[in-house]
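Chain naming here is simple, since letters A, B, ... match the order of the sequence lines and numbering starts at 1 in each. All values derive from a computational prediction rather than experimental measurement.
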Number of protein chains: 2
Amino acid sequence: MTMEFYPRSLVSLIKHLSKLPGVGEKTAARLALHILRSSDEDAKTLSRNILEVKEKIRFCSKCFGLCETDPCRICLNKNRDHTIVCVVEQPSDLVALEKSGAFKGVYHVLHGALSPMNGIGPDDLRIKELVGRITQDDIKEVALATNTNVEGEATASYLAQVLKGYPVLVTRIATGVPVGGDLKYLDEVTLRRAMERRESI
Amino acid sequence: MTMEFYPRSLVSLIKHLSKLPGVGEKTAARLALHILRSSDEDAKTLSRNILEVKEKIRFCSKCFGLCETDPCRICLNKNRDHTIVCVVEQPSDLVALEKSGAFKGVYHVLHGALSPMNGIGPDDLRIKELVGRITQDDIKEVALATNTNVEGEATASYLAQVLKGYPVLVTRIATGVPVGGDLKYLDEVTLRRAMERRESI
């Protein structure tokens, strides 16, 4: 272990930084030494920011996106189309869609995807709350934008099944060749689907 | 920018995390979301660790390595050979050598290497203090273990020059093919040097 040779408080910081995703012990040591060399002001700000995020950020009671004031800015925005709800797995997916600028409706964040292997069933996701919104609010379309991997597809199928009993249009985000993509590097399933769904130009 | 779509305190954390070396905005967002999802306890510990490192860790007044109590454990260790001083650029180099277990003397950390391009001259490094140790303590050998890149070599040459006037043996860490190395991936300079310095077996 690299750590033993550093002073105790530095070892403790390295240990905790290496719990972060994608951060091994060597990277953690590099980050810790950087923090040690940074200004008192920078270190204090980083330390405070970590606490603030935990204190201030909560889930929007409507869409379960991240917010500091509930409901979130998107749910409060009168200029958005509240009759279309886009369902995503994680807050980061919501942000990716917002960045694309392609969607002007509202969101619903499931906080995960169905994954029997990991013991994640329908009750672990915000599905009940989604159904609640459909029964209470005037929602015309539910656009399923869960990931296109196994868990995401299973979740979309499950939701499509659940929502069959409600008077809403259920749609799924399109699969195909990514723009700028190179066909020879693409997996067969994507390519086959893209070919099957070819459109006249 | 990805960040704008996240709540303000999260944006602030992402901004500060992305100042860390090798951490871009996307990685910073991933780390921030992980911290947000982690337990209150874990977040508090990380936050506190950052402050503690800045508060507790200082430079050893003898070798300028990192320590919580001055002098450091290595300088205090009576079982080590205090007549051999190994000169390194950074505390992380000291740790790398300690890990190797090959050195049982004491260290001197320069905190950098000569780099005229970046405005780092002899006065910016702990060279004066190294000379001070040589004049005061009973030191027989100074082993230069600065990096083998341009700056490290320049620093070693400079130190060898400076130390000429003192009754100490000045040595340099050996260059050659790394153990487990593949000749075809090695740069020409290393290979040429390794060939020139070949030894009988």
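The backbone N or O of B/G105 lies less than 3.5 Å from a partner atom in the side chain of B/R80, making a donor-acceptor pair. A distance-only check finds a donor-acceptor pair linking the side chain of B/N149 to the backbone of B/G152 [under 3.5 Å]. Using modelled atom types, one side-chain atom of A/H82 and one backbone atom of A/N77 make a donor-acceptor pair closer than 3.5 Å. At distances below 3.5 Å, not a single donor-acceptor pair connects side-chain atoms of B/R197 with backbone N or O atoms of B/A194.
Of the listed residues (B/E52, B/R8, B/E55, B/R48), the greatest number of heavy-atom pairs within a distance under 4.5 Å of chain A belongs to B/R8. With chain A as partner, the option from B/T27, B/L33, B/L94, B/L20 having the largest number of non-hydrogen pairs under 4.5 angstrom is B/L20.
In this structure, chain A has heavy atoms under 4.5 Å from both the backbone and the side chain of B/L13. Only the side chain of B/Q90 has a heavy atom closer than 4.5 Å to any heavy atom of chain A.
The side-chain hydrogen bond (donor to acceptor under 3.5 Å, both in side chains) search around A/K54 returns none, not counting sequence neighbours. Shown here are the salt bridge (charged side-chain N to carboxylate O under 4.0 Å, His left out) partners of B/R172, two or more places apart in sequence or in another chain: B/E153.
A/T171 and A/E141 are linked by a side-chain donor-acceptor pair at a separation below 3.5 angstrom, with hydrogens and angles left out of the test.
Atom CG of A/L114 sits about 9.0 Å away from atom CD of A/E89, to the nearest 0.5 Å. Between atom CG of residue A/D93 and atom CG of residue A/N147 there is a gap of 5.0 Å, rounded to the nearest 0.5 Å.
The stretch residues 35-47 of chain A places A/I35, A/L36, A/R37, A/S38, A/S39, A/D40, A/D42, A/A43, A/K44, A/T45, A/L46, A/S47 near chain B, each with some heavy atom under 4.5 Å from a heavy atom of that chain. At a heavy-atom separation below 4.5 angstrom, chain B is approached by A/C67, A/E68, A/R73 within residues 67-76 of chain A.
We find that A/K99 and B/E25 are not joined by a salt bridge, their nearest charged nitrogen and carboxylate oxygen being 4.0 Å or further apart.
Using cut-offs of 30° and 60° on the angle between ring planes, the pair B/F64 and B/H108 is perpendicular.
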